[in-house]
Novice: 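Dumping the structure here so I can ask a few things about it.
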Amino acid sequence: FPVTISTDSALKLDGLAIICKGNCKIVSGQLLPVESVPPNTNNYQYLFPKGLVNFTLQASEAAVDLYYLGLNNLDNLVYRKYGPTTPGDTSTTTWYTQANLGYELTECEGQTAVVVHLYLRDGELGDSTGKDGYIIDPGGLAVQPNLINIVTSNVTVVENQTQATV
């Protein structure tokens with residue numbers, strides 16, 4: 001890792017490292033397949049190169065760096081979260097794009113890595129639970145592929161054996 005860390009403040013998973021800076025302790029962390037959480041009609045447009053990461057921190061606030069090893073491009077990146085938009089209120093659980101973060105490319109363990117810089121507070125957006133001394137963060141680095149616009153004068157569409165020219 002590019003910084004000196006204690007075992008309480010860092011966790012290395014398969015192709016992903018979590019580093020918690022400040023007065024925080026990593027309680028747990030795991031990688032999850034995107035399919036493990038309910039789909040969203042707007043989420044189809046995102047690709048999650050490393051799946052989702054779910055981690056729990058013991059902290060009132062935390063600066064967290066997520067190192068996505070082997071990624072080497074910052075184009076079209078977003079950090080997508082699955083959780084309540086009102087921490088602690090499960091009726092508000094949905095997919096959303098996390099704001100107020102940064103991205104950078106760096107070298108880590110001989111590989112290029114994308115680093116996502118998160119700043120999280122207990123009981124605020126980005127934490128799944130209310131104010132309880134823990135920050136629970138299920139989310140993942142996503143790539144929104146470029147959409148291809150096709151321009152043509154005529155398109156033939158066949159639906160339910162009915163043909164139409166548009």
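Excluded from the calculations below are hydrogen atoms, water molecules and symmetry mates; all remaining heavy atoms, backbone and side chain alike, are included.
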Novice: Do Y67 and T106 touch side chain to side chain, with heavy atoms closer than 4.5 Å?
Specialist: yes
Novice: With Y82, which residues qualify under ring pair (Phe, Tyr, Trp, His ring centres under 6.0 Å), at least two apart?
Specialist: W95
Novice: Are L125 and V64 connected in the hydrophobic side-chain network, where two residues link if heavy atoms are under 4.5 Å apart?
Specialist: no
Novice: Not counting sequence neighbours, which residues clear salt bridge (charged side-chain N to carboxylate O under 4.0 Å, His left out) with E124? List them please.
Specialist: none
Novice: According to side chain to side chain donor-acceptor pair (under 3.5 Å), who are the partners of N23, at least two apart in sequence or on a separate chain?
Specialist: none
Novice: Indicate the atoms forming the closest heavy-atom contact of D75 with V143, along with that distance.
Specialist: O-CG1, 4.2 Å
Novice: Sequence neighbours left out, what passes salt bridge (charged side-chain N to carboxylate O under 4.0 Å, His left out) with D65? Give chain and number order.
Specialist: K21
Novice: Suppose we screen for side-chain contact (heavy atoms from CB on, under 4.5 Å). Which residues come up paired with Q111, at least two apart in sequence or across chains?
Specialist: L69
Novice: Could you pull out all residues at least two apart from S91 that satisfy side chain to side chain donor-acceptor pair (under 3.5 Å)?
Specialist: D89
Novice: Can you name the closest pair of heavy atoms from T112 and E107 and give their distance?
Specialist: OG1-OE2, 3.2 Å
Novice: What I'd like to find out is whether the side chain of L71 reaches to under 4.5 Å of the side chain of L141, using heavy atoms alone.
Specialist: yes
Novice: Test of understanding: with side chain to side chain donor-acceptor pair (under 3.5 Å), list the residues that count as partners of T85, not counting sequence neighbours.
Specialist: none
Novice: Between G83 and Y96, what is the shortest heavy-atom contact and its length?
Specialist: O-CE2, 3.7 Å
Novice: Using the test salt bridge (charged side-chain N to carboxylate O under 4.0 Å, His left out), find all partners of K81 that sit at least two apart in sequence or belong to another chain.
Specialist: D137
Novice: So which pairs with a foot in residues 54-64 pass salt bridge (Lys or Arg N to Asp or Glu O under 4.0 Å), sequence neighbours left out?
Specialist: E61-R121
Novice: To the nearest 0.5 angstrom, please state how far the CD1 atom of I19 sits from the SG atom of C108.
Specialist: 7.0 Å
Novice: Side-chain heavy atoms nearer than 4.5 Å, only ILVMFWY residues, links allowed to pass through others: does that put L66 and L77 together?
Specialist: yes
Novice: Mind listing the side-chain donor-acceptor pairs of residues 51-59 below 3.5 Å, one per line with the distance, residues two or more places apart or on another chain?
Specialist:
none

Novice: Using a 3.5 Å distance criterion without hydrogens, assess whether the side chain of T92 forms a donor-acceptor pair with backbone atoms of T86.
Specialist: yes
Novice: Is it true that a side-chain atom of Y68 and a backbone atom of V115 form a donor plus acceptor pair closer than 3.5 Å?
Specialist: no
Novice: Apart from Y134 itself, what residues make up its hydrophobic cluster when side-chain heavy atoms of I, L, V, M, F, W and Y under 4.5 Å apart count as a link, directly or indirectly?
Specialist: V27
Novice: Tell me, do F48 and R80 make a side-chain contact under 4.5 Å, heavy atoms counted?
Specialist: yes
Novice: Answer with yes or no whether the hydrophobic clustering places L120 together with Y79; edges join I, L, V, M, F, W, Y residues whose side-chain heavy atoms lie under 4.5 Å apart.
Specialist: yes
Novice: Which pair of heavy atoms, one from I26 and one from C20, lies closest together, and at what distance?
Specialist: CG1-CB, 4.0 Å
Novice: side-chain contact (heavy atoms from CB on, under 4.5 Å) with S36: which residues, sequence neighbours excluded?
Specialist: L32, P33
Novice: Can I136 be reached from L13 by stepping across I, L, V, M, F, W or Y side chains whose heavy atoms are under 4.5 Å apart?
Specialist: no
Novice: Any side-chain heavy-atom pair from Y119 and N100 closer than 4.5 angstrom?
Specialist: no
Novice: Compare every heavy atom of P84 with every heavy atom of S128, then report the nearest pair and how far apart it is.
Specialist: O-CG, 3.2 Å
